Amino acid sequence: MARYNPKVEEPRWRAAWREAQTFLTRTPAEAGGRPKYYVLEMFPYPSGKLHIGHARNYVMGDVVARYKRAQGFNVLHPMGWDAFGMPAENAAIQGGVHPKTWTYANIAAMRGQLEQFGLSIDWSREFATCDPAYYGQQQAWFTRLYRRGLVYRRQATVNWDPVDNTVLANEQVIDGRGWRSGALVEKKKLTQWFLRITTYADELIDGLKTLDRWPDKVRLMQENWIGRSRGLRFTFAFAGERPKALESGVFDGIEVYTTRPDTLFGASFVGIAADHPLAEALGRDRPEIAAFAEACRRGAATEAEIETAEKKGLFTGLEVVHPFDPAIRLPVVIANFILMDYGTGAIFGCPAHDQRDLDFARKYDLPVLPVVLPPDATAADFHVGTEAYTGPGRINNSRFLDGLSIEAAKAEAIARIEAAGQGQGSTVYRLRDWGVSRQRYWGCPIPIVHCAQCGPVAVPDDQLPVVLPEDVSFDLPGNPLAHQPTWKLTTCPSCGGPGERETDTLDTFMDSSWYFARFTDPTSPTPIDRAAADYWLAVDQYIGGVEHAVLHLLYARFVTRALRDEGMVGVDEPFAGLFTQGMVTHETYRSEDGRWLSPGEVDYRTEGRHSGLVEIGAGQPVHVGGVEKMSKSKKNVVAPEDIFDQYGVDAARLFVLSDSPPERDVQWTSSGVEGAWRFVNRVWAEVDGFAPAAAGRDDGQAEELLRTTHKLVKAATEGLEHFRFNSAVAQFYAFLNILKRLDGAQGPTRLQALKTFALLIAPFVPHLAEACWERLGGEGMAVDQPWPAFEPALAADDELTLPVQVNGKRRAEIRAPAGAAEDEVRRIVLDDADVARHLEGLAVRKVIVVRDRIVNIVAA
RNA sequence: GCGGACGUGGCGAAACUGGUAGACGCGACGGACUUAAAAUCCGUUUCCCCUGGAGUGCGGGUUCGACCCCCGCCGUCCGCACCA
């Protein structure tokens with residue numbers, strides 16, 4: 001009996017699949033009537049090396065793809081590279097390698113690694129987003145959106161990453177820092193290209209309801225990110241004479257936005273943001289206003305200050321009149337807690353029912369008039385102290401609104417304002433338009449030519465792609481494209497005069513916002529082949545990290561809708577099913593002097609002066625740190641090659657799928673992989689030891705083996721259907737234990753059981769499955785066999801063991817025929833000696849029989 | 001502050017819609033094989049005052065029966081954060 005040798009078997013089966021073109025996608029015609037299934041994992045950035053953490057993502061997708069394939073689906077399972085981005089450019093700056101060279105070299109290396117994983121990928125559809133053939137098509141649809149008005153250019157205050165020297169979208173700023181560089185983001189005013197994602201804000205929220213195979217968590221995060229709120233937008237008219245600065249007539253009043261029009265009678269002031277145009281206008285001849293505004297801007301720059309920020313304001317001396325009563329006048333104040341980029345950048349302050357307004361009012365001694373009475377309070381005894389009241393209640397102190405519910409009062413207030421022509425009910429979103437300009441080289445060039453005569457002109461399709469020039473220098477800071485001497489200068493596609501190319505490139509999230517559609521026909525001369533897209537989209541199962549909940553996943557949903565409105569795709573949503581998988585973590589190690597150590601530099605020692613973990617070579621003890629996501633900086637990474645070399649691909653695949661539920665992190669341990677490796681060998685030993693030629697006869701255990709096998713079919717299928725890979729793996733282990741125990745059955749039943757088992761484990765450990773299938777004399781390859789069918793009748797037990805409870809406590813067990821009627825079970829239970837012992841001295845009040853499950857006797 | 005998720009042995013976890021809590025794996029312990037070790041195989045492994053009792057973060061409740069449902073706490077993690 002030979003030990004299973006993955007070094008021989010695994011490459012052998014990968015070659016066999018390749019040769020048979022097993023994973024080549026079938027066209028709809030070739031697929032016959034088989035339904036399609038599109039499985040996709042978020043494609044990788046080609047950083048250079050894969051670690052075992054990446055593996056989990058692709059292996060999960062592979063399990064799904066192989067399972068669906070066996071079930072008879074026509075599967076699309078492609079792979080590509082999210083290949084534009086900063087690291088390539090940084091490598092060029094630091095190492096003098098051209099980003100293109102660096103990127104394609106990395107892709108080659110990583111493709112080789114990925115192929116080793118034994119993934120059922122159709123490599124014929126591979127592309128990288130930095131291929132001109134890909135980004136040229138991206139430019140083509142970009143110009144279509146431009147003509148449609150979904151792309152525009154404007155000056156805006158943007159997030160500036162001082163380390164990457166580029167602008168970031170709001171979604172790419174995490175806790176005030178760049179999502180990739182980690183640098184504190186600064187505010188800058190720049191002219192930038194934007195995509196009008198806000199046009200789709202409603203659709204993007206409402207569409208979430210249709211995504212019933214998405215995690216609730218992600219849907220909620222998107223909903224909160226888009227942040228829809230309904231309220232009223234209206235204008236306060238100035239009271240009295242307007243100051244000189246405002247004589248230009250631009251300011252007819254101050255437009256505010258509120259979600260609480262019901263509290264209008266509680267207003268004490270009107271506040272505007274420091275960078276509100278009105279504040280800027282006033283600041284022009286009043287230095288104290290300009291100085292205050294400047295102080296606010298500085299203060300708002302850092303996250304920590306916002307945290308504790310004291311409410312500060314500067315009274316302008318202006319007054320406005322209340323919309324419901326011209327006799328009521330409110331002071332206009334510039335306040336540091338009002339954001340210019342939400343709503344209108346101006347509010348009315350109602351201190352009694354908004355905490356910020358209350359803090360402000362207390363500080364500046366403004367009136368606090370409660371206008372909402374809590375349900376159990378009376379006007380006489382209700383006061384607002386230091387806490388604003390935001391709960392339910394009835395309107396009070398509000399003339400015609402008195403007595404109304406909050407909801408009714410909101411409606412009434414809106415109706416009156418609208419009737420008076422002072423404003424209207426409106427919906428406001430937290431979502432901003434997507435800033436897609438990046439001042440970097442290694443990205444998709446924005447296909448626009450700036451012409452002195454015609455302004456910005458989209459490059460026509462027949463002049464696409466606008467290819468990135470390769471002769472650029474990375475010696476100067478800033479955007480290499482801006483310093484490139486020749487590429488930038490061109491002719492205007494519209495008038496033929498001199499023109500200059502836009503030197504900003506597109507956010508790499510643009511590249512990943514439609515790649516799934518391109519995979520449906522990666523060679524199409526148009527961005528998307530409509531027929532192919534109609535057949536394959538939406539992606540049936542998308543798999544990736546939760547970190548993209550409001551980045552990539554939101555952008556892709558938006559772009560899909562924009563392309564739909566261009567008639568380029570027929571779906572609203574790109575991803576029908578989404579699974580967010582957990583990461584692979586590992587312990588971290590540090591040396592005595594604080595250096596991070598990789599797992600390979602650490603060993604366990606029981607002898608000598610230091611027992612426990614020591615640093616190999618130095619012999620010094622090692623400090624074991626927290627279990628963390630694998631990262632280069634902490635050196636807690638495990639290289640796939642090392643694992644494959646020692647245990648094979650299948651053991652590694654099995655381990656990352658076992659132990660923890662897929663959505664949770666799994667901790668990589670060497671003992672864990674060894675466990676998986678043991679399993680691989682035990683499976684092989686069972687199969688190899690049962691040589692079909694020498695097969696004996698079934699004995700009395702055969703029936704149990706048959707039942708066990710069919711129970712496993714059920715358990716494995718359910719595990720796969722519900723993304724409970726860890727449970728499925730556990731069932732495989734359990735089956736193996738039972739198989740060992742039932743060593744009496746050595747006939748056809750065992751052969752059938754082993755063959756079924758080989759097919760069930762195939763999505764998880766595909767190489768081993770093939771080796772087993774072959775050894776068992778199976779026809780063709782395991783990968784081409786249909787998924788074993790579950791037959792309930794064959795899994796059913798004839799007799800069951802039922803627990804018996806007395807007053808809710810488990811006291812005994814009985815044996816009863818499966819499906820036995822209540823009367824019969826009751827008779828068996830009451831005849832049972834053990835049960836009788838526990839019932840001594842008690843009168844049976846009630847016997848509850850749950851069929852095939854449990855019996856509970858209530859006695860007193 | 002707002003929103004959400006989670007809390008089960010020494011560890012990772014399982015338990016379908018309320019029905020035998022701890023499947024499966026890791027670790028540990030004991031045994032077999034071996035001159036020895038590794039590997040492999042077999043067994044034990046929730047805890048305790050062990051013919052029994054307790055037990056799914058804590059305190060209550062509903063139920064014949066609760067890890068699961070309800071109320072109130074505590075803790076951990078995640079997202080958003082002066083969003084009017």
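Below, all heavy atoms of this structure are taken into account, side chains as well, without hydrogens, waters or symmetry copies. These numbers were taken from a predicted model, which means no experiment stands behind them. Numbered from 1 within each chain, the chains take letters A, B, ... in sequence-line order.
Using the Watson-Crick or G-U wobble rule with both distances under 3.5 Å, B:A37 pairs with nothing in any strand shown. Using N1 to N3 plus N6-O4 or O6-N4 for Watson-Crick, or N1-O2 and O6-N3 for G-U wobble, each under 3.5 Å, B:G9 pairs with nothing. Under the Watson-Crick or G-U wobble criterion, with both distances below 3.5 Å, B:G3 is paired with B:C78. In this structure, B:C69 forms a base pair with B:G61, meeting either the Watson-Crick or the G-U wobble geometry with both donor-acceptor distances under 3.5 Å. Under the Watson-Crick or G-U wobble criterion, with both distances below 3.5 Å, B:U20 is left unpaired in every strand shown. Nucleotide B:A54 forms a pair with B:U46, judged by Watson-Crick or G-U wobble geometry with both contacts under 3.5 Å.
Checking B:A84, B:A21, B:G79 against every side-chain atom of A:Ser229, the shortest atom distance belongs to B:A84. Out of B:A15, B:A81, B:G52, the shortest distance to the side chain of A:Ser727 is found at B:A15. For A:Arg724, counting side-chain heavy atoms from C-beta on, the closest listed nucleotide (B:G19, B:C80, B:A15) is B:A15. Candidate nucleotides B:A81, B:C83, B:G27 were compared by shortest atom distance to the side chain of A:Ser671, and B:G27 ranks first. When the nucleotides B:A13, B:C83, B:G19 are ranked by their closest atom to the side chain of A:Ser660, B:A13 comes out on top.
For a distance-only test at 3.5 Å, the side chain of A:Lys311 qualifies as a donor-acceptor partner of the base of B:C82. Between the side chain of A:Arg432 and the base of B:C83, no donor-acceptor pair under 3.5 Å is found.
A salt bridge links A:Glu407 and A:Lys410; the closest N-O separation between the charged side-chain nitrogens and carboxylate oxygens is under 4.0 Å. The pair A:Lys363-A:Glu310 meets the salt-bridge criterion, with a side-chain N (NZ, NE, NH1 or NH2) lying under 4.0 Å from an Asp/Glu carboxylate O. Ion pairing between a basic and an acidic side chain is recognised when a charged N comes within 4.0 Å of a carboxylate O; A:Asp834 and A:Arg811 show no such pairing. Contact check on A:Arg228 versus A:Asp202 returns a salt bridge, with a Lys/Arg side-chain nitrogen under 4.0 Å from an Asp/Glu carboxylate oxygen. Between A:Lys217 and A:Glu663 there is no salt bridge, since no side-chain N of the basic residue sits under 4.0 Å from a carboxylate O of the acidic one. One finds no salt bridge joining A:Arg678 and A:Glu674 here, because no Lys/Arg side-chain nitrogen approaches an Asp/Glu carboxylate oxygen to under 4.0 Å. Using a 4.0 Å cut-off between a side-chain N of Lys or Arg and a carboxylate O of Asp or Glu, A:Arg219 and A:Asp216 qualify as a salt bridge.
Residue A:Gly675 is in sugar-phosphate contact alone, with no base atom involved, counting any heavy-atom pair closer than 4.0 Å across all strands shown. Nucleic acid contact class of A:Asp216 (heavy atoms, under 4.0 Å, all strands): none. A:Tyr733 comes within 4.0 angstrom of the backbone, heavy atoms only, and of no base. If you check every strand for non-hydrogen atoms under 4.0 Å, A:Ile338 touches a base. At the heavy-atom level, A:Gln355 lies nowhere under 4.0 Å from the strands shown. Residue A:Thr669 is out of contact with every strand shown, counting any heavy-atom pair closer than 4.0 Å. At a threshold of 4.0 angstrom between heavy atoms, the contacts of A:Asp354 with the nucleic acid are absent. Residue A:Thr259 is classed as a sugar-phosphate contact, given heavy-atom separations below 4.0 Å to backbone atoms only.
When the C1' atom of B:C2 is taken as reference, atom CH2 of A:Trp225 falls 15 Å away, rounded to whole Å.
Separating the C1' atom of B:G79 from that of B:C83 is a span of 15 Å, rounded to the nearest Å. Nucleotides B:C16 and B:G7 have their P atoms positioned 13 Å apart, rounded to a whole Å. Taking atom C1' in both B:C11 and B:A28, the straight-line distance is 11 Å, to the nearest Å.
Under the 3.5 Å distance criterion, the side-chain polar atoms of A:Asn336 are left unmatched by any main-chain donor or acceptor of A:Cys296.
Between B:C82 and A:Asn336, no contact under 4.0 Å exists linking OP1 or OP2 to a side-chain N or O. Put simply, A:Asn726 has no side-chain N or O that comes within less than 4.0 Å of OP1 or OP2 on B:A23. At B:A13, one or more side-chain N or O atoms of A:Arg664 fall inside 4.0 Å of OP1 or OP2 (strictly under the cut-off). Residue A:Tyr342 places at least one side-chain N or O closer than 4.0 Å to OP1 or OP2 of B:A84. Contact between the side-chain N/O atoms of A:Arg678 and the OP1/OP2 oxygens of B:C26 is found at a separation under 4.0 Å. Regarding contacts with the backbone of B:G53, a side-chain N or O of A:Arg811 is found under 4.0 angstrom from either OP1 or OP2.
Ring geometry for A:Phe360 versus A:Phe269: interplanar angle of 30 to 60°, hence tilted.
Base orientation for B:G9: syn, the chi torsion being within 90° of 0.
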What does the list of N/O pairs under 3.5 Å between the protein and nucleotides 42-45 of chain B look like, with a distance for each?
none

Polar atom pairs (N or O), protein with nucleotides 59-65 of chain B, under 3.5 Å:
from: B:C64; atom 1: O2'; to: A:Asn856; atom 2: ND2; distance (Å): 3.0
from: B:C64; atom 1: O2; to: A:Asn856; atom 2: ND2; distance (Å): 2.6

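The aromatic ring centroids of A:Tyr257 and A:Phe234 lie 6.0 Å or more from each other. Taking the six-membered ring for Trp, A:Trp214 and A:Phe579 have ring centres at least 6.0 Å apart.
Projected onto RNA chain B by closest heavy-atom contact, A:Lys714 and A:Ser658 fall at different nucleotides, the more 5' of which corresponds to A:Ser658.
Interatomic distance, CG of A:Leu358 versus SG of A:Cys350, reported as 9.5 Å (0.5 Å rounding).
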